Number of protein chains: 2
Amino acid sequence: MPPERTRPKAATIHDVAAAAGLSRGTVSRVINGEPYVSEEARAAVESAIRQVGYVPNTAARNLKTKRSRAVGLIVHEPHPLFLEDPNIGAILLGTNSVLSKADYQLVSLIIDSERDSDRVADYLGGGFVDGVIVISARAGDPIGRAVTAMGIPAAFVGHPPDLEGIAYVGIDNVHAAHAITERLLLTGRRRVGMIAAALDRDSGRDRLAGFRSALGERFDPELVVDSPLYSYRTGLEGMRELLKRAPDIDGVFAASDAIAAGALDALREAGRSVPADVGIVGFDDSAWALRCQPPLSTVRQPADLLGQMAAQRVLDQLDGKPSAPGGTMLDTEVIWRESA
Amino acid sequence: MPPERTRPKAATIHDVAAAAGLSRGTVSRVINGEPYVSEEARAAVESAIRQVGYVPNTAARNLKTKRSRAVGLIVHEPHPLFLEDPNIGAILLGTNSVLSKADYQLVSLIIDSERDSDRVADYLGGGFVDGVIVISARAGDPIGRAVTAMGIPAAFVGHPPDLEGIAYVGIDNVHAAHAITERLLLTGRRRVGMIAAALDRDSGRDRLAGFRSALGERFDPELVVDSPLYSYRTGLEGMRELLKRAPDIDGVFAASDAIAAGALDALREAGRSVPADVGIVGFDDSAWALRCQPPLSTVRQPADLLGQMAAQRVLDQLDGKPSAPGGTMLDTEVIWRESA
DNA sequence: TTGAAAGCGCTAACAA
DNA sequence: TTGTTAGCGCTTTCAA
């Protein structure tokens, strides 16, 4: 006896039509809420649907309509970062809320290997989604290129440095980094360094650029260390290195809160007190910022809004609205606490 | 002139056949790597595919084969928790790695409203996915019921209290909570309380049960507070309340590391020192645990392995392997640091 | 080894 | 207002 694993074969529109004593066309009209259906017919179909337990087969519908009412969100993060990045969750939720209101299904796809990258590209090409949002794309990112090459409606969160003419939303990292560095300088620091990260992304590059421009003449490349990841470890090791290179350092801009948290611990282990000996500022205003000792001065970025706007950009394209390609920059805010 | 927004209409298998001078059947055979295709035919088709830029239309394929080679992962979390839960990311990555190896696409679906819940149920019924993994389902969760009702191959991470006969993987929260509470007691604490959370889930209920059993006679319901969320705020407010109820409290089991972090801050604000005055232990061994001052004693749960095993359970069902329904319990480990 | 043809379940003309 | 019908792009017999 074969194991009983046959799912009760799903009812089709045909079964519903039979049960209701009407044609498939009429059933289809009811399902899609179209006009020109009599009240009786509608009622009969609706009861038949419940009776046979009908669920529309979306594959068939997609095949016919060429639309899926789904939007993909591609997250391309190296492992450790994915787990720590406080913004991703908020972006996701923001995106979902906008899409949900428009009755689109958000499907998140994570890329964690080259294999994933290829499979996701196929998935996108296969008509599973009508549009796509890409977050944290990096320079030379194959998925970013694939998306633009396919011509599928898309919006990027952040701006991959090597892609032209795309729709994206982001924050002005240069400006934000400049602002917080300037504020740090206001506390009277003389030797200010930076722990940079992710220089292959716009966010990383731009934060460094902002830092540099705020320092102007005083910028000293010796006082900048960098690493690929916005992580605690980056902060820990970066700060140790900075301390070695310049024992008299008295101010640090960490490219993220997680990095700042690591730097704080390195400072603690070196017996420096914050903010008395060294002032430190972060970036993100994540949950971490408040829980550090002392609480972090940092830059707040509106992650949920970023997600919402990216979703809206895709929706606009789907509706055929022009939605001028190019970027939308959202404002950030310096949050001043006690770490500097 | 209408705006030029027509995506170059995708090439079909038909175009490939024409370009290769062969039939659609042969093209299909090549695409699916089937035997009985001559070398010349294969080469011709492959070059034709490149030439016309063919990407298989998955909707059509699914319609025919009734399979999508995709597995859904449903995350059902109230907002704030989603952003803080350190396990979700690891579960996601674990799941993805197993599925990816089996050449399945993981698609994550987030439920953040009733509307989402309905839409996701339709999505699952619509043939977009062959199987589904549900994480953090709660008692009475409609999506859990929908999934089991549909009879779609599924695995749960954690065990919704009201669902019978389902496949799930989890940790033994009772045992783990018992173990760490016992260890806390070993430090000589006399008045030990708990900040519980999420009592509508197995994890929350079971951690409380383990705490209670470890305390035995000494269990005092007055020393237990609870809140719906595993959050920092729960810890902050819970600890304040506990301090009010029992100023002589000297030990606390926090149901998660985030809660413990909040409790730590409440203790600090009350001028109590940890671990001298009060010993505190958490749960999760998240990134937080190490960054607290002092570092947290906690329970490590193998979140990535949980994800991997859940994926495997679904894959087994998809392959028609029996995969006895019921639970798999993974081991946890008490990590002892300096907070108690 | 290949081609021809019959649908998968659905929508959207077109007729009635 | 409803029924009929022709595919959407693909896989999969069955014949050749």
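Proteins get letters first, then strands, A, B, ... in listed order; numbering begins at 1 in each. Just so we're clear, the structure is a prediction, and the values are computed from it rather than from any experiment.
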Enquirer: Do Asn32(B) side-chain atoms and Arg29(B) backbone N/O form a donor-acceptor pair below 3.5 Å?
Expert: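 The answer is no, because no donor-acceptor pair under 3.5 Å joins these two groups.
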
Enquirer: Grab the CG-P distance between Leu63(B) and dT12(D) for me, whole Å please.
Expert: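 Computing the Leu63(B):CG to dT12(D):P distance gives 12 Å.
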
Enquirer: Which is more 5' along DNA chain C, the nucleotide nearest Thr65(B) or the one nearest Arg61(A)? Just name the residue.
Expert: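 So the residue in question is Thr65(B).
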
Enquirer: Quick one: is dG3(D) close enough that its OP1 or OP2 comes under 4.0 Å of any side-chain N or O from Tyr36(A)?
Expert: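 No, Tyr36(A) has no side-chain N/O under 4.0 Å of OP1/OP2 on dG3(D).
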
Enquirer: Is Glu40(B) atom CD crowded by more than 12 heavy atoms from other residues, nucleotides or ligands, each under 6.0 Å away?
Expert: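 Open.
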
Enquirer: If you take all heavy atoms of Arg69(A) and Asp103(A), which pair is closest and at what distance?
Expert: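 What the structure gives for the nearest pair is NE-O, 3.2 Å.
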
Enquirer: Counting only heavy atoms not in Glu114(A), do more than 12 fall under 6.0 Å of its CD?
Expert: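 Open.
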
Enquirer: Without decimals, in angstroms, what is the distance between Asn57(B) CG and dC10(D) C1'?
Expert: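 Rounded to whole Å, this separation is 8 Å.
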
Enquirer: Students often mix this up, so state it plainly: with edges at 30° and 60°, are the rings of Phe128(A) and Tyr123(A) parallel, tilted or perpendicular?
Expert: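 Judged by the thresholds at 30° and 60°, the geometry between Phe128(A) and Tyr123(A) is parallel.
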
Enquirer: Verify whether one side chain among Asp116(A) and Ser100(B) offers a donor that lies under 3.5 Å from an acceptor in the other.
Expert: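 Yes, Ser100(B) and Asp116(A) have a side-chain donor paired with an acceptor closer than 3.5 Å.
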
Enquirer: Under a 4.0 Å heavy-atom cut-off, which of residues 26-33 of chain B touch DNA chain D?
Expert: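 Listed by number, they are Ser28(B), Arg29(B), Asn32(B).
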
Enquirer: Distance check needed: dT11(C) P versus Arg69(A) CZ, whole Å only.
Expert: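 To the nearest whole Å, that distance equals 13 Å.
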
Enquirer: How about Arg313(A) and Thr328(A): does a side-chain donor come under 3.5 Å of a side-chain acceptor?
Expert: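 Looking only at side-chain atoms, Thr328(A) and Arg313(A) do form a donor-acceptor pair, the distance falling under 3.5 Å.
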
Enquirer: With no angle test and no hydrogens, is the base of dG9(D) tied to the side chain of Lys64(B) by a donor-acceptor pair under 3.5 Å?
Expert: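 Answer no: no donor N or O sits under 3.5 Å from an acceptor.
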
Enquirer: Looking for any heavy atom pair under 4.0 Å, which part of the strands does Ala41(B) touch: base, sugar-phosphate only, or nothing?
Expert: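 Touches sugar-phosphate only.
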
Enquirer: For Leu22(A) and dT1(D), what is the distance between atoms CG and C1' respectively, to the nearest whole Å?
Expert: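 From Leu22(A) CG to dT1(D) C1': 11 Å.
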
Enquirer: Which nucleotide in the list dG3(C), dG9(C), dT2(C) gets nearest to the side chain of Ser23(B)?
Expert: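 Within the option list, the nearest is dG3(C).
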
Enquirer: In terms of the nearest nucleotide of DNA chain C, which residue is placed more toward the 5' end: Ser38(B) or Lys66(B)?
Expert: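 By nearest-heavy-atom nucleotide position, the 5'-most residue is Ser38(B).
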
Enquirer: In whole angstrom, give the distance that lies between atom CG of Asn62(A) and atom P of dG9(C).
Expert: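 Going from CG in Asn62(A) over to P in dG9(C) covers 15 Å.
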
